[in-house]
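Have a look at the structure below, then the notes.
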Number of protein chains: 2
Amino acid sequence: MTHSQLRPPTMADVARLAGVSHQTVSRVLGDHPNVRDETRARVQRAIEEMGYRRNSSARALVTRRTRTLGVVASNTTLYGPASTLFALEEAARAEGYLVSTVSLRKLTVETLSEALDHLSEGGVEGVIAIAPQRSAVEALAELRRPFPVVAVGTGSGVEIPSVNVDQHLGARLVTGHLLAAGHRKVWHLAGPEDWQEAADRTVGWRATLEEAGVEPPMPLRGDWSPLSGYRAGQELAGWVGRGLTAVFVANDQMALGVLRALREAGVRTPQDVAVAGFDDIPESEFFAPPLTTVRQDFSTVGTRSIALLLDLIEGRTPSGTSQIAIEPQLVVRASTFPYHPQPGTAPG
Amino acid sequence: MTHSQLRPPTMADVARLAGVSHQTVSRVLGDHPNVRDETRARVQRAIEEMGYRRNSSARALVTRRTRTLGVVASNTTLYGPASTLFALEEAARAEGYLVSTVSLRKLTVETLSEALDHLSEGGVEGVIAIAPQRSAVEALAELRRPFPVVAVGTGSGVEIPSVNVDQHLGARLVTGHLLAAGHRKVWHLAGPEDWQEAADRTVGWRATLEEAGVEPPMPLRGDWSPLSGYRAGQELAGWVGRGLTAVFVANDQMALGVLRALREAGVRTPQDVAVAGFDDIPESEFFAPPLTTVRQDFSTVGTRSIALLLDLIEGRTPSGTSQIAIEPQLVVRASTFPYHPQPGTAPG
DNA sequence: GAGGTCATTGTGAGCGCTAACAATTCATGG
DNA sequence: CCATGAATTGTTAGCGCTCACAATGACCTC
């Protein structure tokens with residue numbers, strides 16, 4: 001940039017250089033059809049020469065559109081939230097929107113409220129809330145919000161428009177798979193009580209067992225972490241030989257802990273106990289043994305969420321309902337099946 | 001919100017309701033001291049009643065500050081980038097800035113250029129580029145940028161201001177640890193050629209061996225994925241019994257693949273071969289066996305990067321140099337040591 | 001009680017842009 | 001050759017806010 005002036009050039013500066021009015025510059029920038037080719041070229045040359053860029057604030061002020069969306073999330077270093085975040089940004093960018101993110105350590109009424117305020121100060125036109133904890137959803141419903149909000153991962157039983165992977169179905173797929181493989185009963189290590197997705201997975205597991213005429217055992221509970229899975233795994237190891245042959249773990253990270261605990265207890269997977277997870281994190285194919293799990297289509301979650309939010313922002317009637325469910329997919333690997341496929345050629 | 005008017009209320013509306021001038025409202029919002037308590041309260045009541053929020057565009061237009069920073073990153077679902085992103089946003093928010101992110105699938109001149117344009121249209125005051133590929137750094141250096149840019153993960157040999165974890169030191173810590181544990185030689189599975197961090201880790205490993213008077217073997221190369229680690233692990237297994245007793249793998253995910261390949265080849269870790277990784281992803285403590293690795297302090301990376309960028313934006317002379325290096329930390333676990341600590345009580 | 005100071009409040013301008021409208025140019029047909 | 005209308009360009013008025021400055025009034029000092 002050769003022109004290092006204190007103030008960046010304005011449209012009027014460009015207009016002066018090109019010998020036209022500022023409005024003509026605006027028209028060139030806005031791809032308005034009624035500009036003579038010769039004029040357009042002259043303006044473009046001036047823009048290039050001065051390194052001119054439109055002032056987004058001035059533009060936003062008069063158009064009343066910032067073309068910015070907000071996202072509130074927590075635990076963004078986990079695979080699920082990170083993937084959702086990525087998909088959201090990509091989908092928003094495809095629609096010409098910028099995404100501002102607020103990543104919280106904890107989702108509470110206070111932090112959520114501050115996050116929405118912060119995004120509001122930044123002028124977002126709408127917000128996606130990745131709010132898998134029930135408490136967060138309640139907080140969200142209560143907060144007064146000056147823009148539309150779409151929730152992701154809250155489950156479908158909320159009054160806020162939401163997009164979800166069908167956790168219930170995912171749990172049914174896993175549990176059904178284990179029953180079909182000949183297991184009489186399927187144990188369950190659930191996620192944190194406050195998480196809707198954890199609850200939905202538990203409900204799906206229980207329903208599948210009950211429909212098969214099996215009395216569901218008492219589920220254990222973890223906090224999604226490998227460590228909590230390890231502790232639960234030590235407990236589960238005590239039940240081997242007393243009817244325990246299969247465990248549905250509510251996420252892959254805890255499943256990793258369970259696998260380690262079983263291994264240390266001398267329990268073989270899958271010969272003695274089959275283990276299945278949920279999420280299909282990239283590592284799960286390389287666990288010992290490779291993990292059967294449920295894959296969620298985050299990319300679709302992203303595009304559907306953004307589409308729904310833009311409908312809301314632009315006052316369109318959302319196409320269809322405001323509660324969108326996305327089907328997950330079962331990925332069968334060695335942890336539930338006495339057969340070791342080569343990596344990269346595993347089913348799914 | 002009970003007041004569902006078409007136009008949101010303006011400062012003038014609030015002023016009218018409170019019986020003051022718009023300027024007084026502005027003063028109340030800006031915490032200006034010279035406002036009578038009684039007046040301040042009246043204005044605040046009016047703000048509350050109307051659900052008024054300052055228009056950020058109008059504000060930004062006149063102050064010439066959008067208080068928004070941009071971040072460009074790729075592979076944001078990986079632990080490292082995701083952690084950096086999280087730390088950056090948190091640090092920026094603490095300084096009152098909003099963060100807009102662009103997550104790329106691939107970093108090339110084109111995608112990087114588009115990303116910077118997109119952020120520029122959004123009015124960011126500066127950008128952090130998480131650009132670990134060398135090609136990206138070159139692209140970054142060439143692009144004309146209307147705002148300051150700070151690079152993260154590019155290594156220190158660039159003309160752009162940058163913040164980095166000292167990869168070289170990390171590699172030295174691991175390699176030195178393995179030598180100290182009695183291994184004669186340390187093999188190496190490197191990351192992708194184009195990544196500066198991968199190169200730095202390789203250089204650190206090689207230097208440590210050479211200083212110990214050991215001829216470094218030819219390093220293998222992977223692409224960070226567990227699968228590439230698995231393939232390399234199969235090759236490494238062939239060298240067991242021919243002098244291979246220790247491997248430094250350039251990241252934890254590949255180390256996971258190596259562990260699996262060794263296990264499948266009947267090689268025990270750490271009894272036959274010690275394996276160390278890099279990154280300390282949350283899962284690595286629960287690998288089979290728990291993985292010795294190098295922890296990077298992403299939180300510090302975040303705060304230092306933001307501080308540096310804000311210095312640049314606000315025209316302050318950056319405190320100290322513009323090339324910031326952060327020390328990593330060795331985390332020793334069972335994969336390099338014939339001792340199984342309980343999870344949660346492992347060193348580090 | 002005139003003059004000065006300070007705290008408090010109000011007034012006017014203008015940030016850089018787009019939208020609406022006005023003005024100009026140019027081609028075309030009777 | 002001028003009326004007609006379309007294409008092109010210019011002019012004006014804000015968008016909602018902050019900044020600089022002006023005005024008001026309370027309180028003090030001599």
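In what follows, every chain begins at residue 1, and chains take the letters A, B, ... in the order their sequences are listed. Worth knowing before you read on, the calculation uses all heavy atoms, side chains too, and leaves out hydrogens, waters and symmetry mates.
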**Prompt:** Do any side-chain nitrogens or oxygens of B/S21 fall under 4.0 Å of OP1 or OP2 in C/dT9?
**Reply:** no
**B/T66 (side chain) donor-acceptor with B/G123 (main chain) under 3.5 angstrom** = yes
**Fill in**
Double-helix bend of the helix from C/dG1-D/dC30 to C/dG30-D/dC1, axes at both ends from 5 pairs, round to 10°, gives 50°
**Message:** How many whole angstroms separate atom CG of B/L29 from atom P of D/dT18?
**Reply:** 7 Å
**Prompt:** Does the side chain of A/T39 get closer than 4.0 angstrom to OP1 or OP2 of D/dT8 through an N or O atom?
**Reply:** no
**Request:** Using whole Å, report how far CZ of A/R53 lies from P of C/dC17.
**Result:** 13 Å
Let me check something: any side-chain donor-acceptor pairs from residues 147-165 of chain A under 3.5 Å, sequence neighbours excluded? List them with distances.
from: A/S162; atom 1: OG; to: A/N164; atom 2: ND2; distance (Å): 3.1
from: A/S162; atom 1: OG; to: A/Q323; atom 2: OE1; distance (Å): 2.5
from: A/N164; atom 1: OD1; to: A/G153; atom 2: N; distance (Å): 3.1
from: A/N164; atom 1: OD1; to: A/T154; atom 2: N; distance (Å): 2.9
from: A/N164; atom 1: OD1; to: A/G155; atom 2: N; distance (Å): 2.8
from: A/N164; atom 1: ND2; to: A/G155; atom 2: O; distance (Å): 3.2

**Any donor-acceptor N/O pair, B/R65 side chain to B/E125 backbone, under 3.5 Å** = no
**Asked** Taking only residues two or more places apart in sequence, or in another chain, which ones meet B/E121 in a side chain to side chain contact (heavy atoms under 4.5 Å, CB included)?
**Response** none
**Item:** Pair A/R134 + A/E138, salt bridge at N-O below 4.0 Å
**Value:** no
**Prompt:** Under 3.5 Å, is there a donor-acceptor pair between the B/S57 and A/S57 side chains?
**Reply:** no
**Message:** In this structure, how many angstroms lie between the C1' atom of C/dA7 and the NE2 atom of B/H32, rounded?
**Reply:** 9 Å
**Message:** Using whole Å, what does the distance between atom C1' of nucleotide C/dG14 and atom CG of A/N55 come to?
**Reply:** 13 Å
**Prompt:** What pair of heavy atoms forms the shortest contact from A/L107 to A/A131, and how long is it?
**Reply:** CD1-CA, 3.9 Å
**Prompt:** Roughly how many Å is it from CZ in A/R16 to P in D/dG10, rounded to a whole number?
**Reply:** 14 Å
**Request:** In whole angstrom, give the distance that lies between atom CZ of B/R7 and atom P of D/dC15.
**Result:** 9 Å
**Request:** Report yes or no: does B/D297 contribute a side-chain atom to a donor-acceptor pair with the main-chain N or O of B/T300 at less than 3.5 Å?
**Result:** yes
**Message:** Please confirm whether the shortest side-chain N or O distance from A/R64 to OP1 or OP2 of C/dT18 is below 4.0 Å.
**Reply:** no
**Main-chain N/O of A/R27 paired with A/R40 side-chain donor or acceptor, under 3.5 Å** = no
**Request:** Could you tell me whether the phosphate oxygens of D/dT18, OP1 or OP2, come under 4.0 Å of any side-chain nitrogen or oxygen in B/S26?
**Result:** yes
**Heavy-atom closest pair, residues B/T68 and B/Y97** = N-CD2, 3.8 Å
**Prompt:** Going by the side-chain hydrogen bond (donor to acceptor under 3.5 Å, both in side chains) test, which pairs reach into residues 77-96 of chain B, not counting sequence neighbours?
**Reply:** A/R105-B/E90, B/E89-B/R93
Polar atom pairs between nucleotides 19-27 of chain C and protein, under 3.5 Å, N or O only, would you list them?
from: C/dA19; atom 1: N6; to: A/Q23; atom 2: OE1; distance (Å): 3.1

Close N/O contacts between protein and nucleotides 5-7 of chain D (under 3.5 Å):
none

**Asked** What is the distance from CG of B/L61 to P of D/dC17, rounded to the nearest Å?
**Response** 12 Å
**Complete:** A/E38 CD to D/dT8 P, in whole Å, measures 12 Å
**Asked** What pair of heavy atoms forms the shortest contact from A/S103 to B/F86, and how long is it?
**Response** CB-CD1, 3.3 Å
**Asked** Does B/Y52 or A/R36 map to a spot on DNA chain D nearer the 5' end, using the closest nucleotide for each?
**Response** A/R36
